[in-house]
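Take a look at the following structure, please.
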Number of protein chains: 2
Amino acid sequence: MLDFNEIKAGDGSLTSRVYAVLERDILDGVYPDGTSLTESRISSELNVSRTPVREALFRLEQEGLVSIVHNKGAVVRGVSSDDIRDIYTLRMQIEGLASRWAAERGTPEQLQKMREILELERFYAQKGDVQQSRNLDSVFHAALYEASGSSPLRRTLSAYHSYIGRARERSFGHGDRPLVSVSEHERILDAVCAHDGDLAEALTREHIKNALESFLAAMEAIS
Amino acid sequence: MLDFNEIKAGDGSLTSRVYAVLERDILDGVYPDGTSLTESRISSELNVSRTPVREALFRLEQEGLVSIVHNKGAVVRGVSSDDIRDIYTLRMQIEGLASRWAAERGTPEQLQKMREILELERFYAQKGDVQQSRNLDSVFHAALYEASGSSPLRRTLSAYHSYIGRARERSFGHGDRPLVSVSEHERILDAVCAHDGDLAEALTREHIKNALESFLAAMEAIS
DNA sequence: TGGGATTGGATTGTATACAATCATACAATT
DNA sequence: AATTGTATGATTGTATACAATCCAATCCCA
């Protein structure tokens, strides 16, 4: 919580770093649901002024992780497992579109990049490196969004990704999900490269459905 | 552009009002795509300090209407008609889910509220009041999102709504869209109240598809 | 003439000071 | 005793001052 200087987010601004710290701490449960985040406390804990803290809180509100009410401040809005279930269902609908559009609109360079990511992904999955597998899973999906050529779709799905980040972490190590996931990615990419939008969409829906079931299984294992 | 004091957004904070002014001006084309929004100019134009302007710009970035790069500032990212087309397609996918979930999870109070909104909507549509019809169209959809009981879904669809706001305005007056739209709403709500998720979803997809075609027709009429 | 440093103005990033608002406790009144 | 009013401390909202950065024009020197 106090390793503020280790976090070097995106553009290097204090706002981004404060944002990254708060996002991580909220998703990690350091600040449970309902916790009120007072600006002065955070700013003194992180040794920055209130200004970047305020701006970070604004971004967190847009992300949906806190809710801010005028003259009252920010309170944490935890990520419920119902939310996560809903997001997986939403992703089933629109991530299929991403694959379809990638098949229809993706440039050769974009598809090539996905192929390279996928090769790395398989390498780490077979090596059993869960951490790297999970990272590359995210990278692959991000590349897919990019290849869809639709900024509204990219924005929506990217927002979901960070929102359900911790849930993905927990469920990704469950069973042999990394290897299965890579295989599914390969079939999706093959369909995309063959410009078969229907197949790509169907495979992707199946992929997300499997990820959801993996998540539910991981939840089950905890309780 | 200078009627700042007339705009009274949500919570009455300066940040909200600046946000509302800038959003309106961007969507109205006062600031075309690529315009760089300098904080000091806006703050002096609106007679506020840079602080609320900065915060408003942050919100606009999350909304997707501007993009901010570190140490360089904010530039307008216009809403292309490709973006709008994509959003309608996305809505076809997930707004159907909203109806399905409303049918499955909606409380009697929520459905009752939708019914009341719809009666008003029909009243104004038959009266030929396009302005009010369009407002109530928004209100109806917002009530639908609420009844879905899913905050991720509500957040996503609400964001789309403001993003394509101007496009909806332009296309809503096209032909007899208000009356047709009310009829479609009525059939959707009937299905929701009958807890027929499948039908509600199908009707909603059709409804969005028709709205998209109305938009495309309106675009055609302009060019 | 061309290319690379430099310097000045403009703009953003951060800190801090001040004003407005809210929440709590306590006192006064009925 | 309940309620209303009021004072006080804490917290947020806004303004402003200062630091860091960027950009473009200029200058210098080969």
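In the text below, chain A, chain B and the rest are named by the order of the sequence lines, each starting its count at 1. In what follows, every heavy atom counts, from backbone to side chain, and hydrogens, waters and symmetry copies are set aside. Remember, predicted model here, so these are calculated numbers, not experimental data.
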Inset, instruction - Identify whether the distance between the nearest side-chain nitrogen and carboxylate oxygen of A:Arg134 and A:Asp137 falls below 4.0 Å. - result: no
Inset, instruction - Determine whether the side chains of B:Ser13 and B:Asp11 contain a donor N or O and an acceptor N or O closer than 3.5 Å. - result: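 On atom types as modelled, these side chains qualify, holding a pair under 3.5 Å.
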Inset, instruction - Compare side-chain N and O positions of A:Thr15 against OP1 and OP2 of C:dG13 and report whether any pair is under 4.0 Å apart. - result: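 No.
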Legend entry - Residue-phosphate contact under 4.0 Å: B:Thr51 side-chain N/O, D:dT14 OP1/OP2: no
Inset, instruction - Give one of base, sugar-phosphate or nothing for A:Leu37, where a contact means two heavy atoms less than 4.0 Å apart. - result: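 If one applies the 4.0 Å heavy-atom cut-off, A:Leu37 turns out to touch the sugar-phosphate alone, with no base involved.
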Inset, instruction - Have a look at A:Ile68 and say if it touches a base, only the backbone sugar-phosphate, or nothing, with a 4.0 Å heavy-atom cut-off. - result: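 The residue A:Ile68 makes no contact with any strand.
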Legend entry - Under 3.5 Å side-chain donor-acceptor pair for A:Arg168 and A:Ser138: yes
Inset, instruction - Could you check which of C:dG13, C:dA17, D:dT11 has an atom nearest any side-chain atom of B:Arg54? - result: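 Closest of the options to the side chain of B:Arg54: C:dG13.
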Legend entry - Sidechain N-carboxylate O distance under 4.0 Å for B:Arg166, B:Glu169: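 Yes, B:Arg166 and B:Glu169 are salt-bridged.
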Legend entry - Pair A:Arg59 + A:Glu63: basic N to acidic O under 4.0 Å: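 Salt bridge absent between A:Arg59 and A:Glu63.
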Legend entry - Between P of C:dT12 and CD1 of B:Ile42, the distance in whole Å: 9 Å
Legend entry - Check: A:Ser148 side chain, A:Tyr145 main-chain N or O, donor-acceptor pair, under 3.5 Å: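 Between the backbone of A:Tyr145 and the side chain of A:Ser148 there is a qualifying donor-acceptor contact (under 3.5 Å).
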Inset, instruction - Give the rounded distance in Å between these two atoms: CG of B:Leu57 and P of C:dT11. - result: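 That distance rounds to 14 Å.
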Inset, instruction - Mind calculating the distance between CZ (A:Arg50) and C1' (C:dA20) to the nearest angstrom? - result: 12 Å
Can you check nucleotides 22-24 of chain D for protein contacts, nitrogen or oxygen pairs under 3.5 Å, and list what you find?
unit_1, atom_1, unit_2, atom_2, d
D:dC23, OP1, B:Lys72, NZ, 3.1

Inset, instruction - Consider the side chain of B:Ser49, meaning its heavy atoms from C-beta on, and name the nucleotide among C:dT14, D:dT14, C:dT11 that approaches it most closely. - result: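 Ranking C:dT14, D:dT14, C:dT11 by closest atom to the B:Ser49 side chain puts D:dT14 first.
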